[in-house]
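Here's the structure, in structure tokens; my notes come after.
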Number of protein chains: 2
Amino acid sequence: MRRQSGVALWRQIADRIRAAIADGSYDETGMVPPETVLAADFGVNRHTVRAALSALTQEGMLRPVQGIGTLILRRERLSLPISRRTRFTEGVGEQARALSGALLDHAEEPASAAVSTALHLAPHAPVLRIETLRSADKRGMSRSTAWFPLPRFHGLADAFAKSGSVTAALRAFGVEDYVRVKTEISAVHAEPGDLADLGLAPGAIVLVTQAVNADPEGMPIQFAVSRFPADRVQFTVEV
Amino acid sequence: MRRQSGVALWRQIADRIRAAIADGSYDETGMVPPETVLAADFGVNRHTVRAALSALTQEGMLRPVQGIGTLILRRERLSLPISRRTRFTEGVGEQARALSGALLDHAEEPASAAVSTALHLAPHAPVLRIETLRSADKRGMSRSTAWFPLPRFHGLADAFAKSGSVTAALRAFGVEDYVRVKTEISAVHAEPGDLADLGLAPGAIVLVTQAVNADPEGMPIQFAVSRFPADRVQFTVEV
DNA sequence: TAGCATTTGTGCGTATGTATG
DNA sequence: ACATACATACGCACAAATGCT
């Protein structure tokens with residue numbers, strides 16, 4: 001708990017309580033310890049603990065009950081498998097009920113250096129860019145920007161908008177199967193765009209993946225940069 | 001850039017500049033834009049930008065030069081491959097010169113529920129726990145806690161202390177080869193322990209992996225929880 | 001050499017946010 | 001709810017170092 005660090009004490013404490021809930025430290029009671037206990041544990045005033053709990057309540061993670069304590073509303077982390085056959089929709093599987101994929105924006109444009117490299121295209125070759133938002137149980141789970149080579153996938157944005165699934169949209173373009181050839185995983189603080197689309201608070205963490213998918217012949221067909229709220233998603237790699 | 005969020009503006013800006021440096025946005029000049037430009041871009045006072053740059057200078061990422069600008073000293077992130085044959089030392093490869101692994105602590109103790117499950121042991125079976133700190137070029141790269149079944153690996157802590165390598169220590173116990181069978185990746189805010197061991201600032205992000213290694217016969221021999229500073233490390237998965 | 005534009009470094013006054021008791 | 005202390009953010013002004021004309 002460091003002061004004068006640019007991060008308010010109440011937020012540092014909120015982050016630690018959130019982590020403790022996620023790793024099951026309070027599973028026995030299903031409640032957060034009393035405010036006075038937390039205040040003593042963290043070495044701060046009770047006001048400060050209350051500010052932290054208030055923020056977590058705002059996030060929908062806690063529900064305070066007068067005279068009883070502060071209940072934990074269990075929100076498991078979605079576990080997304082990364083494998084040679086990574087698909088968001090299938091990966092979520094039984095973990096959530098209401099799955100949706102929305103098309104936020106799309107455009108045809110010349111490829112940037114990073115995109116043309118990833119897709120093995122000539123510099124500035126034309127590509128289709130689509131911006132998507134995926135949700136599970138009405139909570140934002142990923143904000144993704146994907147690029148596809150043109151003219152092969154001209155019109156794919158419409159196909160995605162109809163189905164809400166990249167796999168289905170690609171199938172409409174004759175791609176029966178595709179494989180994940182590379183995934184880079186990093187983590188950064190949420191940017192203003194994430195806050196709006198995913199409903200996050202400043203200082204929140206987003207996991208960032210940069211992935212390349214290829215068709216069965218090994219030709220890259222999609223390069224995607226996706227951003228996942230780290231408190232709602234984790235990755236599993238089984239090789 | 002949201003105010004009154006528990007995260008100081010200068011820290012939010014420092015995080016965005018760090019991310020911009022990491023993704024190569026300023027590679028053309030090798031310098032950060034002038035303070036007045038950054039202030040206008042982010043819509044804040046120049047003092048606030050200076051507080052952000054000062055923090056990054058403290059991290060050793062920037063060097064300001066009066067009359068010239070602010071030079072970028074380090075932008076590369078260590079890329080750690082995750083595969084069936086994941087090894088920290090080999091994974092770093094050519095990316096760093098001085099590699100070291102220090103043994104911080106070790107003890108023999110009964111397995112917790114998570115550990116006994118991961119290692120396929122009976123509840124409370126005896127295990128060896130070792131705490132390690134790995135560094136590359138004198139910068140902390142991972143803080144790791146690993147568990148090994150007993151009595152098979154009794155004395156492994158000493159072997160690790162001598163070599164600074166898990167692979168070498170295991171070989172001393174007759175394990176010529178081992179494979180990574182599972183990796184879970186998530187991200188959280190740094191805890192006080194991370195700040196000290198890895199030299200991080202509050203609010204910093206740590207990537208967390210939970211991994212199981214098994215010997216060639218498929219018997220789990222190691223369960224490890226590792227914490228990596230997200231601004232120094234990223235993962236690559238090639239399947 | 002002198003002058004000028006650009007850029008980082010510093011000081012001060014004020015308003016708001018954070019943490020305590 | 002109030003009072004207090006400190007951190008954060010702003011606006012304005014000016015000093016100091018550098019490169020160019």
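A note on names: the letters A, B, ... follow the listed sequences, proteins ahead of strands, and every chain is numbered from 1. Bear in mind that the values here come from a model prediction, so they are computed numbers and not experimental data.
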Nucleotide nearest B:P64 (side chain, heavy atoms from C-beta), chosen from D:dC10, C:dG9, C:dA19 | C:dG9
Hey, does B:T70 reach any base, or is it just sugar-phosphate, or nothing, if we go heavy atoms under 4.0 Å?
-> sugar-phosphate
Please give, in whole Å, the distance from D:dT8 P to A:L9 CG?
-> 11 Å
Does the base of C:dG9 carry an N or O that pairs as donor and acceptor with the side chain of B:H47 under 3.5 Å?
-> no
Tell which nucleotide pairs with D:dA1, taking only Watson-Crick or G-U wobble pairs whose two distances are both under 3.5 angstrom.
-> none
Taking all non-hydrogen atoms of both residues, which atom of A:V7 and which atom of A:Q12 are closest, and how far apart?
-> O-NE2, 2.9 Å
Measure up the B:F88 and B:F228 rings against each other and bin them: parallel (under 30°), tilted (30 to 60°), perpendicular (over 60°).
-> parallel
Would one find a side-chain N or O of B:T48 under 4.0 angstrom from OP1 or OP2 of D:dC10?
-> yes
Shortest side-chain distance from A:N45, nucleotide among C:dG21, D:dA16, D:dT18 = C:dG21
Is any side-chain N or O of B:R46 under 3.5 Å from a base N or O of C:dG9, one able to act as donor and the other as acceptor?
-> yes
Polar contact flag, side-chain donor to acceptor under 3.5 angstrom, A:E184-B:T236 | no
Closest nucleotide among D:dC10, C:dA19, D:dT18 to the B:I68 side chain | D:dT18
Which donor-acceptor pairs under 3.5 Å do the side chains of residues 62-71 of chain B make with protein atoms, sequence neighbours left out?
none

Between B:R50 and C:dG9, is there a side-chain N or O to OP1/OP2 distance below 4.0 Å?
-> yes
Which residue, B:A8 or B:Q66, contacts DNA chain D at a nucleotide closer to its 5' end, judged by nearest heavy atom?
-> B:A8
